Amino acid sequence: MRWLLAIGLLILVACRPATERNNRSGIELLTSPAGEGFVGADRPRRFVFPDDHGVHPGFRSEWWYVTGHLFSGKRQFGYQLTFFRFVVDPAEDAEQAWESDAVWLAQVALSDLENGEFYTSEQFTRELSGISQAALQRLDVQVQGWRLYQAAADPADGARPYQLRVVADEFELELDLLPDKPLVLQGDQGWSKKSANDPMNASYYYSQTRLTTNGKLKLNEEQFEVRGSSWFDREWSTSALHARQTGWDWFALQLDNQHELMFYRLRLEDGSIDTASAGVWVDAEGRTTRLGVDDVQLEPTRFWRSSDTDSRYPIAWEVSIDSMDLQLQIEAIIPNQLWNSRLTYWEGAMKVTGKLDNQPIGGLGYVELTGY
Amino acid sequence: MQLLLALLGVAVGVAAVVAVGAARQAVEDSFSRNLQALEGSVTHRLVAVGGVISMATYVELRSNYPLLPMAPVIRERARLIPAGKPHADDFQRVTILGVDLISEAEFSDQKSPNTGLLPGIESIDIAAWLGGEPLALIPAGISELVENERLDLFWRGQQKKLTVAGQLNQKSSIASDVIVVDIAFASRWFARNGLDSIRLRLTPEQVEVLTANLPDGLELRGNSDQSGLSAAFSLNLVAMGLLTLLMGVLMVFSTFRLLLLQREPLIRLQHAIGSNPLSQVIDAFTEAILIGLLGTVIGLLAGLGLAQLVIGWIQQTLSDLWVTGFNDSIRLTRGMVIQAVLAGLGGSMLAIAPLLWRIYKTGFQVVDPAANKNRWPILMGTLLVILAIILLFGSGGLLLALAGLFSATMGYLLLTIPLLAVLAKLIRYLFNWQRYLGVVAARRLLASLRHTTPALVALTLAVASIIGIGSMVNSFRSSVTDWMDVSLSATAYIGAEGQELPKSLLDQVANWPEVNAVGWLNTVSIQLADYRAELSIVELPEAGQNSYRILDGQSLWQIADQSASMVMVGETLAARRNLKSGQTVSFTLAEQGLSVTARVAGVFQDYRAGPGRMVMLRTALSNPPVAPAALGVYLNDPGQFGLLRQQLDRLPDLPLEVEVISATEVKAETLRIFDQTFLLTRSLRWIVALVALVGITGALLALQLERQAELQLLQRLGLNDNEQRRLMLYEAGLLGLVAILLALPLGSMLAWMLCEVINQRAFGWHITVLLLPEHYLLAAAIGMLATLLAGWLCIRISAASWQQQHATEVVTV
């Protein structure tokens, strides 16, 4: 869902420094139409890997997104890393340095779940070879030293883990992420519609829903060897949020039984839910079941009010899918996981409890809430 | 009345200290505010020794320091053709700055939104800036040159049309010729594949890390580094503040001493009736603290008012120095409060402590009758003078030099105490042939010394400070003028901002009939062990070969072999690296990596700011730069400068924007800035004079009050009111005369110390001390005026007091 944030990026924040608090919701400014000359995500396409891990010139916005839960002894952390790419001018004819018309926003957050601390850091920069760029046809994204890339194949087992390196203000992350399951093409074979009223409003979207994660975390001079599980999303598009849409709630849950659930709910200005809202259920073997707006019931059960934005965010939910006999209670592990810099949204680590087929089940996840 | 005088003395002493401190603070605030307005939160700049920072280096820096705010800059000069003037000669030269707005946003200061190069950057439409037609941000001053928001710019014959997207910092007059464009546009137009500089915001810790890991060929420069002139100005105000502090302490000391002296009979009486000396000491101590505290508070407020007054006088003149104008708002800093307390309370304690000790020990005597024979001032004074000699003639740093200045001044003042009596006797002897009143006044002067000595010493210091500081400023100005007269030997100088000139230009210019000769100059960075300096490579015609005033050794042109590996060293560099003529020096040309070993032929006078430089003949370098960075043009007739400028502007096919400036313009501008910079120093002399006035008034008044009985006796012996007034004026005049006579050597000494030691240690500059009679006359006039005014004030106050007393006597009868 973050492509919508990316679209709003320039319109909303332009050159605003990160220190300035932005009290406006990004959603209201997300409706600017793309200029002429961009390629649209207007039909299903054939995905080819690793090519589609790379950048897709011609599209207006693109993002690479990783969330996960990390453990080190009794300590538990949540993390999130996003690289947004946004193109201003569709004629990307950069031959010289500085000539690219793309800009990048990279955001990283760490939730120290034991101590209730939420750390964020971000970088906003124009595209420049060697500094802020993404490779074509392979996974290698970097923004001023922060990098997400796919390593060369391990000669022993042929595994090609994703690698993530970030040095933020207060913490550093160095993680290897090894996919446990095949890639999941969201929507219609990766073509993900985002508006019931505008069939052209869509993106290309795939996910790696579970990656075994190992690595190091340095937090305020304290070193941790960490392990855990991550979720990787990729999306690119040209279209913008529909004028009637006011925001979305996005859920990415990893259950103990190796199943995963992704669902996004698009909210309309009249309080109703856009019927383009959708999701996917992934079983332990990686088989997928598409979920429509009527398949999933979502009910907020607890709210948290931010003193910075004076907005109320639903940080606990009841999620049920009757067809699967699934009832989940999800709750933010710490309430304040609000991003309030160039963009304002709540995105945080969640704890999941509930029942599946009447059997107790638990899990962890991430939720993104915008437009509040 | 006595208490009031004491309070006034403390307050004025403190006020002087605070006023000088506050005025200096105002200047420093203006400097900071100016910097803030121009640079926002940018603290440093990275520049390349070779002129251009490669993109590879920028990428390396960005990757190694991902969270460091840094903004790349490309800089170039171009011509702006004003709207409605299509003629090619009607242009204005402008500086084009190619910037990355996204990086620049990191420097936008939310607390001061109207500062920095690009205030209001948040409102710029970044999508239009990056993606559409070329946009420009222009200074307010050139908006009338723009038509329909379109700018016509020329660079190397290429014309570009830009659309105005907004205005730059409104307050910035320095940036009045700067046009900001996107870095991609600048890079493409100027065919640049590198950067001219990188703007940074660094903490001191980051400076340390970055300096230690700086890529080769880069130099980190701080934005807050003051120009040589500003730094010299600040330093001299520090010295002035030090002298004022000393004066303040002396004032307070004098005040309390007088107060206690006047209480002496009472103290004796109390002792005679069996009062405990300890209780007297406690009472006096409490009183001193209360007066000291109250005087300090009043002095603080009065000092701020005085500073505001002085700043107000010169505000308009100083405004030109900074783009944000001169900061006329005065503020109190912690340092100033400490100095005020030190002068007010510290001076009070210093004054009463030894006196109280005497009271406690002897029971009644405030001053030892044998004080005149006391040798401790001579002993202490001699010791301080010896210490000063060691500090001033040794090889210590600036702080030790300032300590030397302080020691020398204190030492001299202590030594003047026994001298006062000698001088007073001499004056009495001289006045023996005088009329009756003169004899009485001279005798009274000698008799009153035990009361007036501290005030006289304070007056001596005030007059000496006026001489010393005035002479220093004048010597500095005169040396700078001489230096410019010698070193700017050409009629005009041609250069192109930060770039080398085309090789062919020298021949072209030399062939113009009005040109007599052309000199060749290029400056490169050199590495002297771990120190970075500059090397000027020159090839000068005969007319320019005397443009270096040699302080030690000989000039390069006095050496027969012009290809010998010889250098001349500027005095700044010579002082910093301890270089002398005859020594051998090895250095590396930073850009070329070429190692050179050369003998120092001589050291020349050099007031240029920066790390310092050496000069070498182009013919002496095995691999000299091929193109000059500047040309010195010697015209047959200096009046033809306008013609030279015209011809240069019309030169076809020049690959860059060359600019020409006459030596006269350089000199005039330098002296204008000099005079504006030191205007405050000159103005602050009046505060020193005010201290002198109040100090001597207090001393005289106390004297008159104490001697009312003696005056009444003289009245009864036939002294009329007119004679009485004249007597007091004579007395005041004689006091002034003594102080002035003693101040003359001290003032000269202060001038010498400021020029030859303080400025030399701080900047390596050799300033020739110029002691002009007008400085002595002015100081003497101020000193005499202060004492006569004090005498007149005494007459007025005493007259009122006599009348009151006379009326009382009549009523009693």
Side-chain angles (χ1 to χ4, degrees), chain A residues 7 9-22 32 34-35 37 60 86-106 108 121-133 142-147 165-172 342, chain B residues 40-41 54-72 74 98-111 113 116 118-133 181-195 201:
Chain A
I7 288 171
L9 185 61
L10 290 191
I11 309 152
L12 176 64
V13 296
C15 286
R16 181 171 297 140
T19 49
E20 188 187 1
R21 292 268 161 79
N22 165 33
S32 79
R60 195 184 186 198
F86 188 91
V87 180
V88 174
D89 187 344
E92 289 188 77
D93 53 353
E95 290 169 9
Q96 274 185 285
W98 306 113
E99 297 256 332
S100 169
D101 291 323
V103 295
W104 286 84
L105 175 69
V108 66
S121 184
E122 69 178 7
Q123 304 210 57
F124 184 44
T125 161
R126 67 202 288 171
E127 186 162 272
L128 188 64
S129 175
I131 294 178
S132 303
Q133 62 182 22
Q142 60 173 312
V143 172
Q144 290 183 172
W146 296 2
R147 192 173 174 202
R165 306 276 179 271
V166 170
V167 177
D169 295 312
E170 287 132 329
F171 63 93
E172 294 177 24
R342 287 185 164 86
Chain B
S41 59
S54 72
M55 284 308 293
T57 306
Y58 179 63
V59 168
E60 183 190 332
L61 283 166
R62 269 292 193 196
S63 303
N64 291 346
Y65 306 98
L67 299 173
L68 220 56
M70 56 175 83
I74 288 176
V99 302
D100 171 23
L101 280 196
I102 294 177
S103 304
E104 288 292 335
E106 295 292 328
F107 299 112
S108 180
D109 189 344
Q110 292 304 300
K111 289 178 191 156
L118 305 168
I121 191 170
E122 298 82 8
S123 63
I124 297 168
D125 179 352
I126 191 77
W129 182 264
L130 291 179
E133 57 183 291
V181 299
D182 184 46
I183 195 164
F185 172 77
S187 167
R188 189 168 55 244
W189 191 21
F190 306 135
R192 294 283 197 89
N193 193 26
L195 307 170
R201 184 177 64 235

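Naming convention: chains lettered A, B, ... in sequence-line order (proteins, then strands); numbering from 1 in each chain. The shown structure was predicted, so the numbers you read here are calculated from the model rather than taken from an experiment. Note that these values count all heavy atoms, side chains included, but never hydrogens, waters or copies made by symmetry.
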TODO: Can you see which heavy atom on A/Q142 is nearest to which on A/R147, and at what distance?
DONE: CB-CG, 3.9 Å
Task: Per-residue contact mode, B/D182 against chain A (heavy atom under 4.5 angstrom) - done: side chain
Open item on the list: Ignoring hydrogens, what is the shortest heavy-atom contact between A/R126 and A/S132? Give both atom names and the distance.
Closed with: O-CB, 3.7 Å
Task: Side-chain touch A/L128/B/M55, heavy atoms, less than 4.5 angstrom - done: yes
- [ ] Go through the steps to decide whether A/W104 and A/I131 satisfy the test side chain to side chain contact (heavy atoms under 4.5 Å, CB included), and finish with yes or no.
- [x] CA-CA 10 Å; A/W104 286 84; A/I131 294 178; over 6 Å; no
Open item on the list: Give me the atom names and distance for the closest heavy-atom approach of B/M70 to B/L61.
Closed with: CE-O, 3.9 Å
- [ ] Against chain A, label B/R192 side chain, backbone, both or neither, depending on which of its atoms sit under 4.5 Å from a heavy atom there.
- [x] backbone
Task: B/F185 versus chain A, the contacting section by heavy-atom distance below 4.5 Å - done: neither
- [ ] Answer with side chain, backbone, both or neither: which region of B/L195 has an atom nearer than 4.5 Å to a non-hydrogen atom of chain A?
- [x] side chain
Open item on the list: Heavy-atom cut-off 4.5 Å, strictly under: side chain, backbone, both or neither for B/S103 against chain A?
Closed with: neither
Open item on the list: Please classify the contact of B/P69 with chain A as side chain, backbone, both or neither, using a heavy-atom distance under 4.5 Å.
Closed with: neither
